[in-house]
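Notes follow the structure.
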Amino acid sequence: MIARVIVDIKHQSVNQTFDYLVHEKDQLHIQKGMRVIVPFTDNNILRLGFVYDIISASDLAHKYVHEILDIEPIFNDELFLMMDKLIEDPNALIAEAFETVIPKQLLIHYEKKATLLEPKQLPDDLVPFFKQGVWTLLKKDEVYYNRLKTLEQKGIVELKTVLKTRNKKPLITYVRIDNRNYHGTPKQHEVLDILSAHSQMKKADLVANSSASIVNTLIKKAVIEVFYESDKLEVANFNKTTKLPVINEDLKDQIKDMMDAKHQVYVSQYQDTKLDPFFFHLIHEVISQGKQVLIMVPENFMIASVKSSLEKVFREELIIGLNRGQTDKQMMLKYSAILDNETKIVVGARSSVFTSFSDLGLIIITDSNNHSYRAHEGIYYHALEIAEIRARYHGIPLYLSASSISLDNYVKIQQKTHELLNLQEEVYKSIELIDMKEELKKEIPN
């Protein structure tokens with residue numbers, strides 16, 4: 001077995017794949033999309049690599065894969081489709097394409113966890129590794145990878161990749177009532193009444209509404225239980241409900257048709273840059289099905305404005321803005337919320353088109369004619385082309401909204417590859433294509 005590997009060196013001289021032999025013990029485990037450590041150059045310097053393909057034989061393979069880093073591929077078929085699009089440019093560096101699709105700060109820092117689903121079916125020798133039903137896999141545990149994969153296929157355990165950053169994810173102290181039959185002082189019962197109104201509370205919030213001494217006394221008496229959870233993003237307006245603007249029945253029918261059609265590129269034109277009612281109803285239809293929405297804007301400074309408009313309508317939803325210049329902790333919290341499907345609406349600029357989702361259901365690109373969607377620094381790509389690849393892969397609608405219909409979209413509408421949404425019929429004017437060569441001939445005498 002041969003692993004065709006891309007070495008993580010961004011230089012034109014090594015902009016190719018390299019073939020490596022796979023040890024017999026690793027042949028059942030290694031897969032396309034995994035990260036590996038391989039010996040490189042004549043000095044056999046160990047380098048990070050990505051398995052681009054698995055082939056049966058090669059005359060160029062003389063060295064063995066040193067180590068497999070992943071228990072499961074971190075690159076799925078969708079990510080490979082996007083990467084293949086990036087490397088269509090002959091000047092593109094393959095290693096840089098990998099880094100573009102998955103940001104390096106998320107790529108390096110991660111951990112694997114095995115969660116126990118069926119304790120009674122777990123082999124006895126593996127029981128000690130699970131602490132409270134979870135086994136955090138370390139490098140030395142790689143000898144168990146194949147067994148864990150087999151147990152996952154049988155539904156006994158679940159394997160999951162947990163994103164990490166350079167900074168450890170902070171734990172928040174929570175409290176909940178453990179003994180509801182406790183008879184204490186009136187002030188203690190006031191504290192318990194506050195806590196009983198919630199299934200759980202942050203300890204700091206409970207202390208702020210009572211007193212630290214009473215709370216700590218109840219903890220010592222085992223009336224209140226203390227536990228810890230990882231910090232996560234929360235909805236600011238958790239007690240408010242979604243408030244949609246009114247639209248007519250024709251627009252509702254168009255939304256239904258969009259959802260029924262699955263993958264299709266839709267083009268619409270608006271008179272101003274404000275988010276229209278149709279936009280909100282379309283998003284609501286998608287998130288009500290438990291799916292997620294990616295909304296793209298041309299520039300980073302526009303993210304906050306669009307996010308604010310969405311929060312006024314979707315008051316009970318956690319809406320994430322993928323802004324630049326954020327810390328590792330901020331990015332980790334946001335990416336974790338997206339991958340865990342804790343957020344249904346994500347707003348971002350050009351690079352957000354590569355964001356991995358738990359269950360993507362719709363992509364919206366505002367001001368889609370804007371040239372900012374084309375990346376010219378580093379690796380070249382057009383965000384609209386990547387978005388169309390993702391929409392086709394998931395079988396979901398791609399909605400392009402702009403102040404005017406571009407010539408490219410007009411041709412695609414005529415060719416029936418895109419569909420025009422007539423949301424405001426008075427906006428549209430007839431378009432006539434003119435061949436300027438023929439016009440010039442009319443002006444030049446024979």
Side-chain angles (χ1 to χ4, degrees), residues 105-106 109-111 113-116 119 128-136 138 160 162-242 304 307-308 310-312 314-323 325-346:
Q105 65 267 28
L106 298 181
H109 303 278
Y110 80 104
E111 66 182 9
K113 288 188 176 181
T115 303
L116 186 57
F129 294 107
F130 286 86
K131 309 299 181 185
Q132 297 182 335
V134 177
W135 179 5
T136 300
L138 304 176
K160 190 174 182 181
V162 181
L163 296 176
K164 297 174 66 179
T165 62
R166 296 177 181 88
N167 301 316
K168 209 168 185 180
K169 194 171 183 180
L171 294 176
I172 305 299
T173 305
Y174 284 85
V175 290
R176 59 191 169 206
I177 297 178
D178 190 41
N179 182 4
R180 295 186 178 276
N181 298 320
Y182 175 74
H183 298 287
T185 66
K187 287 189 176 182
Q188 287 177 339
H189 280 285
E190 287 178 10
V191 174
L192 294 174
D193 287 341
I194 295 172
L195 186 54
S196 64
H198 308 81
S199 59
Q200 63 187 47
M201 285 182 69
K202 290 181 180 179
K203 182 183 176 183
D205 291 342
L206 183 60
V207 169
N209 286 280
S210 56
S211 75
S213 60
I214 296 176
V215 172
N216 289 330
T217 299
L218 291 171
I219 291 172
K220 290 178 181 177
K221 292 178 177 291
V223 179
I224 292 178
E225 177 189 3
V226 176
F227 63 101
Y228 304 91
E229 286 188 357
S230 298
D231 192 9
K232 63 181 180 180
L233 301 174
E234 295 180 346
V235 183
N237 300 315
F238 61 88
N239 60 338
K240 297 184 178 180
T241 57
T242 298
K307 181 173 177 285
S308 177
L310 290 163
E311 286 173 339
K312 291 175 183 176
F314 301 98
R315 302 178 182 182
E316 59 186 1
E317 293 293 336
L318 172 61
I319 301 173
I320 284 180
L322 297 176
N323 307 75
Q326 297 182 341
T327 64
D328 282 347
K329 176 188 173 183
Q330 290 170 326
M331 289 304 297
M332 181 266 295
L333 288 174
K334 291 184 177 184
Y335 278 108
S336 295
I338 295 169
L339 290 173
D340 293 339
N341 210 359
E342 294 172 358
T343 178
K344 296 290 188 291
I345 304 174
V346 178

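In what follows, every heavy atom counts, from backbone to side chain, and hydrogens, waters and symmetry copies are set aside. Owing to the predicted nature of the structure, the values given are computational and were not obtained by experimental measurement.
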message: With a 3.5 Å distance limit and no angle check, can you tell me whether His189 reaches the backbone of His183 through a side-chain donor-acceptor pair?
response: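 A pair under 3.5 Å: no.
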query: Does Thr217 use its side chain to pair, donor to acceptor, with the backbone of Ser213 at less than 3.5 Å?
result: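 Side chain of Thr217 to backbone of Ser213: a pair is present.
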message: If you apply the rule side-chain contact (heavy atoms from CB on, under 4.5 Å), what do you find for Val175 with Leu218, and how did you get there?
response: CA-CA 11 Å; Val175 290; Leu218 291 171; over 6 Å; no
Nearest 0.5 Å, please: how far is [atom2] in [Y] from [atom1] in [X]?
| X | Y | atom1 | atom2 | result |
| --- | --- | --- | --- | --- |
| Thr173 | Tyr228 | OG1 | OH | 5.0 Å |
| Leu195 | Gln200 | CG | CD | 9.5 Å |
| Ile224 | Ile214 | CD1 | CD1 | 10.0 Å |
| Thr136 | Lys131 | OG1 | NZ | 11.0 Å |
| Lys334 | Asn323 | NZ | CG | 5.0 Å |
| Thr115 | Gln132 | OG1 | CD | 12.0 Å |

query: Tell me the salt bridge (Lys or Arg N to Asp or Glu O under 4.0 Å) pairs involving residues 178-198, sequence neighbours left out?
result: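 Sorted pair list comes back empty.
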Side chain to side chain donor-acceptor pair (under 3.5 Å) against Glu225, all qualifying residues, sequence neighbours excluded: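 Side chain to side chain donor-acceptor pair (under 3.5 Å) list for Glu225, sorted by chain: Arg176.
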message: According to side chain to side chain donor-acceptor pair (under 3.5 Å), who are the partners of Asn179, at least two apart in sequence or on a separate chain?
response: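 Checked Asn179 against side chain to side chain donor-acceptor pair (under 3.5 Å); zero matches.
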field: Aromatic plane relationship, Phe129 with Trp135 - under 30° parallel, 30 to 60° tilted, over 60° perpendicular
entry: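 Trp135 and Phe129: parallel rings.
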task: Go through the steps for Gln188 and Tyr182 under the test side-chain contact (heavy atoms from CB on, under 4.5 Å), then give the verdict.
output: CA-CA 10 Å; Gln188 287 177 339; Tyr182 175 74; 2.9 Å; yes
